[in-house]
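The first residue of the sequence shown is numbered 1, and numbering continues consecutively from there. As the structure is a computational prediction, the values presented were derived from the model and not from experiment. As the structure lists them, so they are numbered: ligands from 1, and atoms in each ligand from 1.
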Amino acid sequence: MLTVTDLSVRIAGLHILQGVSFTVAPTGVTVLLGRNGVGKTTTLRAIVGLTPRGGEVRGTIRTGARGLLNQPTYRLVREGFGYVPEDRCVFAGLTVAENLRLAEPRGARSAGGELTAAYDRVYDLFPELRRRGRQRAGSLSGGQQQMLAIGRVLLRDNRLLLVDEPTKGLAPKVVTEVAEVLERVAEVVPVLLVEQNLAVVRRLARDAVVLAAGRVAWAGDARELLRETALTRSLLGVGSSEVATS
Ligand SMILES: Nc1ncnc2c1ncn2[C@@H]1O[C@H](COP(=O)(O)OP(=O)(O)OP(=O)(O)O)[C@@H](O)[C@H]1O
């Protein structure tokens, strides 16, 4: 389980997070919600040690007794933190297979060059990545790029995945496909998810944490939050029909 306590982040003179505390359950999806610009991405980036240079991060981030605040990102990756950023960051000029190869941990390929179980795990979830191995990542659709961004991270044996707005800008059918994949991923590894699509939240999230004004405004059962349309409306600023029908 990941515990974030009193997390404070200042960037460029802005006090963006002002004492954020929450826990990520050891299984399933915990969703991080809040209006635009409230600090959801800043929270994920602080956890994985990617606060921009000059930013100041304070507080504690722990898994068990281990303190992880301000650890270098490579060490956090070795600790089992997988991060899928909002902009996906696939290498457009490289093929799908080359993108995966760049993310390979030790053991993903045998001494003879054969792919091992790490690849089986990724290709079972995303058969299309195998089929499109030779295609340039830049020519994939948005949904396929998202699958590559998630698949790349899953080459490692993660203990926590942090996924930032994976369905943003995708067509409804593709949103459903990405949600299905995340649902399967969350059966084996806990996920901290930033997601604005409430239908996806409803489908995936067991726990919810809502940020407002630099702090946690609400935390608890995600379904309970979505049932309270007035609360959802006031915390997230969405229309009541959006909450009710999503
Ligand atoms: N490097 C930076 N320099 C200056 N301001 C920043 C920087 N990074 C984030 N901010 C500001 O911090 C605030 C929180 O940004 P963040 O991206 O974490 O919000 P968010 O909740 O993820 O937003 P959204 O839902 O729109 O993606 C915003 O006001 C943003 O402009």
(message) Quick one, R62 with M1, criterion side-chain contact (heavy atoms from CB on, under 4.5 Å). Give me CA distance, side-chain angles, the key distance, then yes/no.
(response) CA-CA 8 Å; R62 293 187 168 277; M1 188 206 295; over 6 Å; no
(request) Look only at the side chain of Q144 and the backbone of S141, and say whether a donor-acceptor pair between them is shorter than 3.5 Å. (result)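 Confirmed, Q144 side chain pairs with S141 backbone.
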Taking [atom] as the reference point, the nearest protein heavy atom with its distance:
{"atom": "atom 4 (C) of ligand 1", "value": "A12 CB, 4.0 Å"}
{"atom": "atom 27 (O) of ligand 1", "value": "E165 OE2, 3.5 Å"}
{"atom": "atom 17 (O) of ligand 1", "value": "T41 CB, 3.7 Å"}
{"atom": "atom 10 (N) of ligand 1", "value": "I16 CD1, 3.7 Å"}
{"atom": "atom 3 (N) of ligand 1", "value": "I11 CG2, 3.6 Å"}
{"atom": "atom 19 (O) of ligand 1", "value": "G39 N, 3.2 Å"}
{"atom": "atom 5 (N) of ligand 1", "value": "L14 CD1, 3.8 Å"}

(request) Enumerate the residue pairs fulfilling ring-ring contact (aromatic ring centres under 6.0 Å, His included) with a member in residues 102-138, sequence neighbours excluded, ordered by first and then second residue. (result) Y119-Y123
Are [X] and [Y] side-chain neighbours, meaning at least one heavy-atom pair lies under 4.5 Å?
{"X": "L33", "Y": "V201", "result": "yes"}
{"X": "T30", "Y": "L193", "result": "no"}
{"X": "D6", "Y": "R58", "result": "no"}
{"X": "V96", "Y": "R134", "result": "no"}

Per-atom contacts, ligand 1 versus [X] - under 4.0 Å to a heavy atom:
{"X": "Q196", "answer": "25 (O)"}
{"X": "P52", "answer": "1 (N)"}
{"X": "T42", "answer": "14 (C), 15 (O), 16 (P), 18 (O)"}

(request) Examine ligand 1 and decide if any of its atoms is less than 4.0 Å from a heavy atom belonging to G34. (result)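 False for this residue.
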(message) If you take the nearest heavy atom of each of R45, K40, R10, which one is closest to atom 25 (O) of ligand 1?
(response)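 Looking at heavy atoms only, K40 sits closest to atom 25 (O) of ligand 1.
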(message) Below 3.5 Å, N or O to N or O, backbone or side chain included: is there any such pair between G37 and ligand 1?
(response) yes
(request) Apply the test side-chain contact (heavy atoms from CB on, under 4.5 Å) to residues T60 and L69: give CA-CA distance (whole Å), side-chain angles for both, the deciding distance (0.1 Å), then the verdict. (result) CA-CA 6 Å; T60 34; L69 189 81; 5.9 Å; no
Listing, residues 213-221 side-chain donor-acceptor contacts under 3.5 Å, not counting sequence neighbours, or none:
unit_1 : atom_1 : unit_2 : atom_2 : d
R215   : NH1    : Q18    : O      : 3.1
D221   : OD1    : R223   : N      : 2.8
D221   : OD1    : E224   : N      : 3.3

